[in-house]
Undergrad: 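The following block contains the structure, expressed as structure tokens.
Here the structure is a predicted model, which means the values were calculated and not measured. Every chain is numbered from 1 and lettered A, B, ... according to where its sequence line falls, protein lines coming before strand lines.
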Number of protein chains: 2
Amino acid sequence: METFPYRRVEQVKAKVTIKDVARRAGCGIATASRVLNNSGPASADVRSRVQKAAQDLGFSFSALGRALQSSRSMTVGCLVPSLANPVFAEAVQGLQTVLAGTGYQLLIASSNYDGAADNDAIATLIAKEVDGLIVTMVAPEHSAALALARTRGIPVALMFHDPVAGLPSAHVDNGAAAREVARRFGDLGHRRTAFLALRFASSDRSRNRYAGFLAECRLRGLPDPVLIELTETEANTPERLAQTLAALPDLTAIFASNDFLAIAVQKAARLLGWRVPRDLSVVGFDGIEIGRLLDVPLATIETEPAAMGRQAALTLLDLLQGGAPVQLPPLPFTFRAGATLAPPRADRRDDDRVAPRPPSVLSLKTDLKQG
Amino acid sequence: METFPYRRVEQVKAKVTIKDVARRAGCGIATASRVLNNSGPASADVRSRVQKAAQDLGFSFSALGRALQSSRSMTVGCLVPSLANPVFAEAVQGLQTVLAGTGYQLLIASSNYDGAADNDAIATLIAKEVDGLIVTMVAPEHSAALALARTRGIPVALMFHDPVAGLPSAHVDNGAAAREVARRFGDLGHRRTAFLALRFASSDRSRNRYAGFLAECRLRGLPDPVLIELTETEANTPERLAQTLAALPDLTAIFASNDFLAIAVQKAARLLGWRVPRDLSVVGFDGIEIGRLLDVPLATIETEPAAMGRQAALTLLDLLQGGAPVQLPPLPFTFRAGATLAPPRADRRDDDRVAPRPPSVLSLKTDLKQG
DNA sequence: TTGTATGCGTTATCAC
DNA sequence: GTGATAACGCATACAA
């Protein structure tokens with residue numbers, strides 16, 4: 001632990017305000033302001049004096065003072081569950097790209113998928129006087145903080161959520177995408193399927209996907225898909241996930257609520273000695289780039305989180321300019337074919353009688369704690 | 001494109017300030033302030049009146065007014081190259097977790113790896129009167145904006161950079177990590193190696209890795225590793241990458257400057273009909289989680305970006321409390337073994353005479369444009 | 001214990 | 001053309 005040699009940096013002047021500029025230029029504050037903002041008349045003479053003074057002093061406006069007087073902070077608040085999830089991170093990056101040119105800055109908060117935390121976060125953002133809000137949260141339809149934003153007249157755009165409570169949302173049609181997966185499964189002859197979810201309770205996206213998946217399965221007269229809710233630990237521990245899968249030996253296809261889960265499923269399947277897609281088909285959701293690069297490229301629903309961010313930003317920008325709230329159509333998704341999806345093995349295709357799988361490798365191990 | 005039914009939300013009052021509270025409570029502003037902040041005496045009577053008034057009005061402080069008067073914005077500016085890179089996204093998430101409890105909010109900017117953009121971004125953050133700065137940028141040692149921050153007395157912590165110009169940095173020792181990779185290669189008998197870099201010019205991390213890799217190779221009397229600088233396109237197009245690799249047929253091991261590149265190399269190798277690690281060993285950098293889940297788990301240098309963020313946040317917090325700048329030791333990295341690393345094939349191990357590889361699959365195709 | 005007045009950095013209004 | 005001055009929302013020194 002090394003301490004830097006203590007040397008005070010010469011601070012020309014901690015803060016140089018427009019007042020300093022005016023004094024140095026020998027003019028009034030108002031004049032300086034007019035010159036620096038090109039917002040009013042000024043003689044060529046004083047104009048150049050002010051500019052020189054500003055230059056010399058290294059003046060730059062305080063966004064704070066400006067915000068206070070204009071009651072526009074030029075700041076947009078953004079709440080996402082977590083930036084550790086690349087889907088949200090990319091969306092935020094999408095926001096940035098749009099907002100970059102506009103003078104708006106992003107004030108970011110994350111809730112870690114916690115419904116209480118995200119209300120607090122929004123309240124804090126509002127206190128910071130953000131001009132607008134872009135939000136992905138646990139329960140936008142019941143959020144007191146979001147209601148407060150509305151009361152305060154702060155424009156709000158959602159991301160990822162299906163539109164709710166009159167709030168425009170940049171999203172994909174999760175239900176439709178899930179139905180598409182169900183159709184693919186059905187067309188290939190899969191009957192025993194499951195939906196694998198993480199944080200089902202706190203993600204309406206996940207719930208909407210399941211709903212769509214379930215609806216289409218029923219429409220086709222297939223058995224209801226099993227809903228598997230994973231804990232964080234299970235999702236991150238292939239051995240645990242393998243145990244969970246082993247308990248459901250008659251599944252022939254799994255729809256994972258995101259690509260990471262889908263890849264984890266493949267790992268777990270390997271641990272069990274199952275082969276993908278021969279013994280188990282897997283389809284993911286999101287379409288992360290890495291899925292294409294895998295040995296067995298992942299079949300998935302491809303979405304574009306960055307586009308979601310861009311659309312949300314554009315929507316909010318329009319709101320900020322006084323536009324009426326407009327719900328754009330959902331962003332497109334596409335089914336990305338991949339080698340993880342194939343028809344079930346012939347001996348397992350029959351309706352209700354399924355041939356037993358060979359005993360799983362895992363079940364022979366004893367060193368794995370049950371739990 | 002559907003427009004919501006136009007309904008004006010009843011805006012109780014766009015802004016409710018402490019003045020409103022005071023009026024409603026029938027007391028002076030100062031008293032209201034004292035009550036609401038617990039910052040001074042107040043009779044039980046007026047105290048309860050103020051609290052009720054605040055409640056009724058739905059009052060909350062304006063962080064803006066506060067910031068202006070206290071000249072502390074309780075905001076930390078953060079600049080990273082891009083949130084689309086999960087390494088930076090996780091680091092920012094790490095910042096969040098630490099900052100969450102402290103009352104500081106994160107104002108985020110990203111530069112898209114552009115040296116001019118990141119100076120602008122810092123200037124903007126400074127204009128927003130951030131209390132501190134956490135930065136990963138192209139050239140911190142030459143940044144005018146960073147110098148301005150110093151002039152203004154704004155504390156700065158770096159992330160990912162090796163410490164520079166007296167600025168503390170949360171980082172790993174990139175050079176040491178790279179030397180470790182060189183040692184592993186050397187120990188296994190690899191002689192013909194390459195370093196694969198993306199955005200070499202704008203990433204000192206990448207350059208430091210190469211420097212360490214090169215140094216250790218020389219120390220061991222091995223030939224200098226080939227430096228392969230990829231364009232964005234090459235990195236994202238396995239076919240293009242394959243072409244690049246095909247031009248270097250005597251390589252037996254590649255050190256990729258991040259895990260995504262490493263995985264892309266594997267894909268490219270497959271396209272060429274090469275097998276990893278039999279025909280080519282690959283080691284990555286960063287240690288992204290997904291690397292473990294692959295069919296052929298990726299050998300890599302494991303780092304913890306979130307820890308980087310947490311350390312940077314703690315360092316800055318200390319600075320904000322008036323502490324002297326302290327450079328903590330670099331964060332640890334570990335070499336993660338993986339099936340992508342093995343000794344070179346016996347017939348290719350000989351010093352300078354390398355057996356030719358079988359003709360690459362790719363070179364037989366004609367539909368790939370050269371470039 | 002309480003309230004008035006001042007200033008934080010800006011911009012806008014209004015006299016000059 | 002120019003320059004005081006009054007907000008903006010808040011905290012605080014100071015007077016009461």
Undergrad: Pick the nucleotide of DNA chain C nearest each of B/E129 and B/C27; which residue has the one closer to the 5' end?
TA: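 Closer to the 5' end of DNA chain C: B/C27.
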Undergrad: Describe the nucleic acid contact of A/G65 in one word from base, sugar-phosphate, nothing, applying a heavy-atom distance below 4.0 Å.
TA: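 Result for A/G65 = base.
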Undergrad: Check every strand shown and say whether A/S70 touches a base, only sugar-phosphate, or nothing at a heavy-atom separation below 4.0 Å.
TA: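 No contact at all - A/S70 keeps every heavy atom at 4.0 Å or more from the nucleic acid.
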Undergrad: Write down the distance between CG (A/L36) and C1' (C/dA12), rounded to a whole number of angstrom.
TA: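 Those two atoms, CG and C1', are 16 Å apart.
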Undergrad: Between A/D131 (CG) and D/dC8 (P), how many Å, whole number?
TA: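 After rounding, the reported distance stands at 18 Å.
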Undergrad: Distance check needed: D/dC10 C1' versus A/L64 CG, whole Å only.
TA: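 Rounded to whole Å, this separation is 12 Å.
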Undergrad: Starting at CD1 of A/I29 and ending at C1' of C/dG7, how long is that distance when rounded to a whole Å?
TA: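 About 12 Å, once rounded to whole Å.
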Undergrad: Assess whether a salt bridge exists between B/E129 and A/R66, defined as any Lys/Arg side-chain N lying under 4.0 Å from an Asp/Glu carboxylate O.
TA: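 The answer is no: the pair does not qualify as a salt bridge.
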Undergrad: The side chain of A/A30 is closest to which nucleotide in this list: D/dA11, C/dT2, C/dA12?
TA: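 In terms of side-chain proximity for A/A30, the closest of D/dA11, C/dT2, C/dA12 is C/dA12.
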Undergrad: Measure from CZ on A/F61 to C1' on C/dC8 and round the result to the nearest Å.
TA: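 After rounding, the gap between these two atoms is 16 Å.
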Undergrad: For D/dC8, does OP1 or OP2 lie under 4.0 Å from any side-chain N or O of B/T17?
TA: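 No, no such contact exists.
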Undergrad: Let's see if you can work this out: which of C/dT10, C/dC14, D/dA11 has an atom nearest to the side-chain heavy atoms of B/N37?
TA: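 It is D/dA11.
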Undergrad: Rounding to a whole Å, what distance do you find between A/Q69:CD and D/dC10:P?
TA: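 The distance from CD of A/Q69 to P of D/dC10 comes to 16 Å, rounded to the nearest Å.
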Undergrad: Expressed in angstrom and rounded to an integer, what is the separation of A/R34 atom CZ from D/dA4 atom C1'?
TA: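 Those two atoms, CZ and C1', are 11 Å apart.
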Undergrad: Describe the nucleic acid contact of A/S60 in one word from base, sugar-phosphate, nothing, applying a heavy-atom distance below 4.0 Å.
TA: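 Sugar-phosphate, backbone atoms only, no base.
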Undergrad: Say you draw a straight line from OG1 of B/T75 to CD of A/Q105; how long is it, rounded to the nearest 0.5 Å?
TA: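 Reported to 0.5 Å precision, the distance equals 11.0 Å.
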Undergrad: The side chain of B/F59 lies closest to which of these nucleotides: C/dG3, D/dG1, D/dC10?
TA: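 Nearest to the side-chain atoms of B/F59, counting from C-beta on, is D/dC10.
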Undergrad: Which part of the nucleic acid, if any, lies within contact of A/S71, taking any heavy atom under 4.0 Å across all strands shown: a base, the sugar-phosphate backbone alone, or nothing?
TA: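 Since no nucleic acid heavy atom lies under 4.0 Å of A/S71, the category is nothing.
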Undergrad: Counting only side-chain heavy atoms from C-beta out, which of D/dG9, C/dT10, D/dG1 sits nearest to B/K15?
TA: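 Per side-chain heavy atoms of B/K15, the pick is D/dG9.
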Undergrad: Are A/H171 and A/P163 side-chain neighbours, meaning at least one heavy-atom pair lies under 4.5 Å?
TA: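 Yes, at least one pair of side-chain atoms sits under 4.5 Å.
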Undergrad: For A/D45 and A/R49, what are the C-alpha separation, side-chain angles and deciding distance, and is it a salt bridge (charged side-chain N to carboxylate O under 4.0 Å, His left out)?
TA: CA-CA 6 Å; A/D45 178 37; A/R49 263 167 31 226; 2.9 Å; yes
Undergrad: Whether A/D56 and A/K52 form a salt bridge (side-chain N of Lys/Arg under 4.0 Å from carboxylate O of Asp/Glu) is what I want to check.
TA: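 The answer is yes: the pair qualifies as a salt bridge.
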Undergrad: Counting only side-chain heavy atoms from C-beta out, which of D/dA11, D/dG1, D/dG3 sits nearest to B/S33?
TA: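 For the B/S33 side chain, the nearest candidate turns out to be D/dA11.
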Undergrad: Does the side chain of A/S143 come under 3.5 Å of the side chain of A/R150 through a donor N or O and an acceptor N or O?
TA: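 No, no side-chain donor-acceptor pair sits under 3.5 Å.
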Undergrad: Give a yes/no on whether any side-chain N or O of A/R66 is located under 4.0 angstrom from OP1 or OP2 of C/dT11.
TA: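 Yes, within the criterion.
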Undergrad: Without decimals, in angstroms, what is the distance between A/K19 NZ and D/dG3 C1'?
TA: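 It works out to 14 Å between those atoms.
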Undergrad: Which residue lies toward the 5' end of DNA chain D, A/P41 or B/L68, if each is placed at its nearest nucleotide?
TA: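 Looking at DNA chain D, the more 5' nearest nucleotide goes with A/P41.
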